[in-house]
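First the structure, in the form of structure tokens, and then the observations on it.
A quick note: this is a predicted structure, and the numbers were derived from the prediction, not measured. Order of appearance sets the numbers: ligands from 1, and atoms from 1 within every ligand. Just so you know, these numbers use all the heavy atoms, side chains as well, and skip hydrogens, waters and symmetry mates.
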Amino acid sequence: MNARKKIGIVGAGMMGSEIALCFARVGYLVSIKDATLELAEKGLANVSRVLDKSLKKGKITEDEKVEIISCLMPTDNYGDLSDADLVIEAVFEDETLKKQIFSDLDTVCKADCIFATNTSSISVTILSTAVRKERIGQFLGMHFFSPASVMKLVEVIPGIDTQNETVDIVMNILRSIGKEPIRVKDVTGFAVNRIFHAMLIETCRLLEEEVASAEDIDKACKLGLGHPMGPFELMDILNNALNLEVEEILCNTYGERFRPRPNLKQRVAAKHLGRVTQRGWFDYSK
Ligand SMILES: NC(=O)c1ccc[n+]([C@@H]2O[C@H](COP(=O)([O-])OP(=O)(O)OC[C@H]3O[C@@H](n4cnc5c(N)ncnc54)[C@H](O)[C@@H]3O)[C@@H](O)[C@H]2O)c1
């Protein structure tokens with residue numbers, strides 16, 4: 001697939017807009033579809049804000065920004081995705097909604113178009129059942145990390161019926177946008193969220209047992225393990241309600257080892273969700 005091939009993104013929210021930027025900045029043509037044109041344009045405005053930050057830091061020029069934006073087309077019409085070579089779905093984490101979208105896309109997209117889902121927690125194989133059997137071999141998971149325009153890793157998740165050729169094509173497309181893809185089995189949490197939440201749960205346990213303060217545990221991870229950010233700081237950026245939700249999903253599948261800690265549940269009940277509510281593990285109100 002060359003750099004002028006066409007990408008479709010469905011869902012112009014936080015992930016969809018950032019994923020669109022990853023493709024547009026190396027010259028792919030990207031149609032971004034949301035439920036309304038206004039929402040799709042909101043996604044484009046988010047891309048513009050991210051580019052403005054790069055502009056300020058001198059990483060891109062004004063001309064380059066204009067060129068990147070010109071590769072992006074907001075739409076509320078599936079018809080604009082009919083000639084896409086790859087469509088990536090990044091709508092709300094809702095199985096029924098995602099299945100409906102893939103079923104709709106299946107009727108409008110060309111036969112060789114690859115379908116990818118950016119789901120964090122729904123089985124790729126289950127979502128793939130929404131498309132006709134002729135397309136099921138061209139369906140997989142492409143799990144980006146936030147912020148997608150910065151994070152290099154992408155988990156590539158074949159479903160039971162995904163063809164190896166599809167995996168190879170997608171791996172190459174991801175390399176062409178500067179990502180480092182890894183192949184991961186279609187299991188709950190894939191690989192990264194299992195590693196991450198195993199660590200977060202132990203982190204919460206350390207705090208409960210008063211082994212060290214939240215500040216010092218963050219310091220330990222940064223200075224002792226080389227992490228760019230401490231786990232409590234990171235949980236507050238991600239939103240503790242979302243952290244709890246992911247751990248509940250992991251616990252449903254894997255049992256006790258992923259049971260969320262009571263101190264995380266308390267934070268969520270008290271609406272100490274993190275930066276979004278000015279209070280999480282730390283206080284951001286001042
Ligand atoms: N937030 C993260 O850190 C993260 C990381 C990896 C994967 N994900 C996954 O990415 C997906 C999107 O997450 P997000 O954080 O960007 O959510 P978001 O709420 O920011 O964006 C979702 C977008 O989907 C749109 N949408 C809803 N219904 C639609 C429809 N019928 N047609 C078109 N668009 C529709 C919404 O209007 C919204 O713009 C989820 O599946 C999530 O699990 C999120």
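- You'll find the side chain of I237 reaches within 4.5 Å of the side chain of M229, heavy atoms only.
- Considering only heavy atoms from C-beta on, S121 stays 4.5 Å or farther from F190 through its side chain.
- R275 and D236 are not joined by a salt bridge, as no carboxylate oxygen comes within less than 4.0 angstrom of a charged side-chain nitrogen.
- In summary, the side chains of D76 and T36 do not present any donor paired with an acceptor at a separation below 3.5 Å, with no hydrogens or angles considered.
- Evaluation of the side chain to side chain donor-acceptor pair (under 3.5 Å) rule for T162 yields no partner, not counting sequence neighbours.
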Between the protein and ligand 1, which nitrogen or oxygen pairs come in under 3.5 Å, and how far apart is each?
from     : atom 1 : to   : atom 2 : distance (Å)
ligand 1 : 8 (N)  : S120 : OG     : 3.2
ligand 1 : 10 (O) : N118 : ND2    : 3.0
ligand 1 : 16 (O) : M14  : N      : 3.3
ligand 1 : 16 (O) : M15  : N      : 2.7
ligand 1 : 20 (O) : M14  : N      : 2.9
ligand 1 : 34 (N) : D34  : OD1    : 3.2
ligand 1 : 37 (O) : D34  : OD1    : 2.7
ligand 1 : 37 (O) : D34  : OD2    : 3.3
ligand 1 : 39 (O) : G13  : N      : 3.3
ligand 1 : 39 (O) : D34  : OD2    : 2.7
ligand 1 : 41 (O) : V91  : O      : 3.3
ligand 1 : 41 (O) : E93  : OE1    : 2.5
ligand 1 : 41 (O) : K98  : NZ     : 2.7
ligand 1 : 43 (O) : E93  : OE1    : 3.0
ligand 1 : 43 (O) : S120 : OG     : 3.0

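- A donor and an acceptor atom, one from each side chain of S285 and Q278, are nowhere located under 3.5 Å apart.
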